[in-house]
Protein chains: 2
Amino acid sequence: MTSAASRPPVRLLLADDEHLIRGALAALLALEDDLVVVAEAATGPEALAMARAHMPDVAVLDLQMPGADGVRVATSLRADLPGCKVLIVTSHGRPGHLKRALEAGVRGFVPKTVSAQRLAEIIRTVHAGNRYVDPELAADAISAGDSPLTERETEILEYAADGSPVAEIAERAALSQGTVRNYLSSAVSKLGAENRHAAVRLARERGWV
Amino acid sequence: MTSAASRPPVRLLLADDEHLIRGALAALLALEDDLVVVAEAATGPEALAMARAHMPDVAVLDLQMPGADGVRVATSLRADLPGCKVLIVTSHGRPGHLKRALEAGVRGFVPKTVSAQRLAEIIRTVHAGNRYVDPELAADAISAGDSPLTERETEILEYAADGSPVAEIAERAALSQGTVRNYLSSAVSKLGAENRHAAVRLARERGWV
DNA sequence: GTGCCGTTCTGACATTTGTCATGGGGAGTG
DNA sequence: CACTCCCCATGACAAATGTCAGAACGGCAC
């Protein structure tokens, strides 16, 4: 389809905190005639700075990076470089992440289980202005559906995520203990969990926190 | 140091569930004259089968894989192929994993933040019969120290990891509820946590579960 | 404007949990 | 052989948590 010699190559930014993966990826993508890696980054902020400096056509971002995760970088990038398409790659594809990513204007979302060959094709797809979402991740996201929790319930559940007692959560959220317990109770029943700790785990699995 | 042409190349097994990483890694390591990738695997059991079939000199294993993790594969491998050196690569280097790995006879332990160049050197080091442990991970492991928990306490804490109530844990462990609570109580106080859920989190961070 | 929903609180109650004292049995060490 | 440590258990008490009813306020929709 895309003839390599006929048009200028696609300029890529690669961001992943794992040097091993980033370097290897750069090497593999460089084998494709129509792709060229113009910048690499190991952290969220670094990715942002590199993008501003090198103006890539497509940014390939890892979902989990120190500093700022891929989705946050994508959000900033959309404001700064509207022409730059964002493609997220991830190891652990939780359903909620996909939704957040799409809301942030991300054009592609793939697990790291794809081959480099396939990734190159997807980069071209995204560069051409189309979207690409891994079918399996998409199915998971659809079956998991939207979070049934209200904003407040989600917030309180997040405060509960590290196992803090109610008193501490109440203090951090500036609420009374009774209110906190009510929110947790409703969150637990909405998620069908046995207690708030299991609820946290469930919400995590579905990507709702 | 190691002259490439003077001796037969080091035969490698690569195991990682992320196709992207595995393929890229294989390509990069293939650039080294004295290294040759003879087998690849995406899961623990597959890695084991591949190792038996191809008898590699060095097995490069991801710590987290479906089926059986890198350390478990290493344990089986030591029994089956004593001549095969095991090198573990990991994204999230929790202190306890390193200890477990060394006990399983693993010869090298490195984070994925190293470069491919460096990895190649480490593979040679390991193949030569030496050990290599990433200095930073080693420092973490030393500062985290040994688990203060007894075998039973650890086991019960693991059952508690998904937020199950005591009754369920007692049933799964075939213990009385009182006993379970006693174990949890002592685990919590040993770890200096506020409750068992925070204790689980702490033990996870230190790699003791 | 009436009703619905989310937020916030209080108070009361049942259940779960954490803690402690105490006891017996087995394994290992001095 | 006494001592210590881990395993397993029971019972009792205190504290934390889960659940429910009720009630006030603001926003949004019809």
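A, B, ... follow the sequence lines: proteins, then strands. Residue 1 opens every chain.
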Closest to the S176(A) side chain: dT10(C), dG18(C), dT10(D)?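 Minimum distance to the S176(A) side chain belongs to dT10(C).
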
Which nucleotide sits closest to the side chain of N195(B): dT19(C), dT17(D), dC9(C)?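 Nearest to the side chain of N195(B) among the choices is dT17(D).
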
Can you measure [X] atom [atom1] to [N] atom [atom2] for me and round it to whole angstrom units?
{"X": "Y159(B)", "N": "dT17(C)", "atom1": "OH", "atom2": "C1'", "result": "21 Å"}
{"X": "E171(B)", "N": "dT16(C)", "atom1": "CD", "atom2": "C1'", "result": "17 Å"}
{"X": "R152(B)", "N": "dG26(C)", "atom1": "CZ", "atom2": "C1'", "result": "14 Å"}
{"X": "L157(A)", "N": "dT17(D)", "atom1": "CG", "atom2": "P", "result": "14 Å"}
{"X": "Q177(B)", "N": "dA12(D)", "atom1": "CD", "atom2": "P", "result": "16 Å"}
{"X": "Y183(B)", "N": "dC20(C)", "atom1": "OH", "atom2": "C1'", "result": "16 Å"}
{"X": "E194(B)", "N": "dT19(C)", "atom1": "CD", "atom2": "C1'", "result": "16 Å"}
{"X": "E155(A)", "N": "dG6(C)", "atom1": "CD", "atom2": "C1'", "result": "13 Å"}

Considering every strand and a 4.0 Å limit on heavy-atom distances, what is the contact class for R181(A): base, sugar-phosphate, or nothing?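 Result for R181(A) = base.
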
Scan T179(A) against the nucleic acid and name what it touches under 4.0 Å (heavy atoms): base, sugar-phosphate only, or nothing. base

Any T150(A) side-chain N or O less than 4.0 Å from OP1/OP2 of dC5(C):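 Answer no for this pair, as no side-chain N or O of T150(A) is under 4.0 Å from OP1 or OP2.
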
Heavy-atom closest pair, residues T113(B) and D17(A):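 In this case the closest contact between T113(B) and D17(A) is CG2-O, 3.4 Å.
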
Closest heavy-atom pair and its distance - S91(A), E18(B): CB-OE2, 2.8 Å

Atom pair [atom1] ([X]) and [atom2] ([Y]), whose distance is rounded to the nearest 0.5 Å:
{"X": "L157(B)", "Y": "L202(B)", "atom1": "CG", "atom2": "CG", "value": "9.5 Å"}
{"X": "I21(B)", "Y": "I21(A)", "atom1": "CD1", "atom2": "CD1", "value": "4.5 Å"}
{"X": "E158(A)", "Y": "I169(A)", "atom1": "CD", "atom2": "CD1", "value": "11.5 Å"}

Under-3.5 Å donor-acceptor pair between N182(A) side chain and dC20(D) base: yes

Residue mapping more 5' on DNA chain D - nearest nucleotide basis, E153(B) or L184(A):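 First, find each residue's nearest nucleotide; the 5'-ward one identifies E153(B).
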
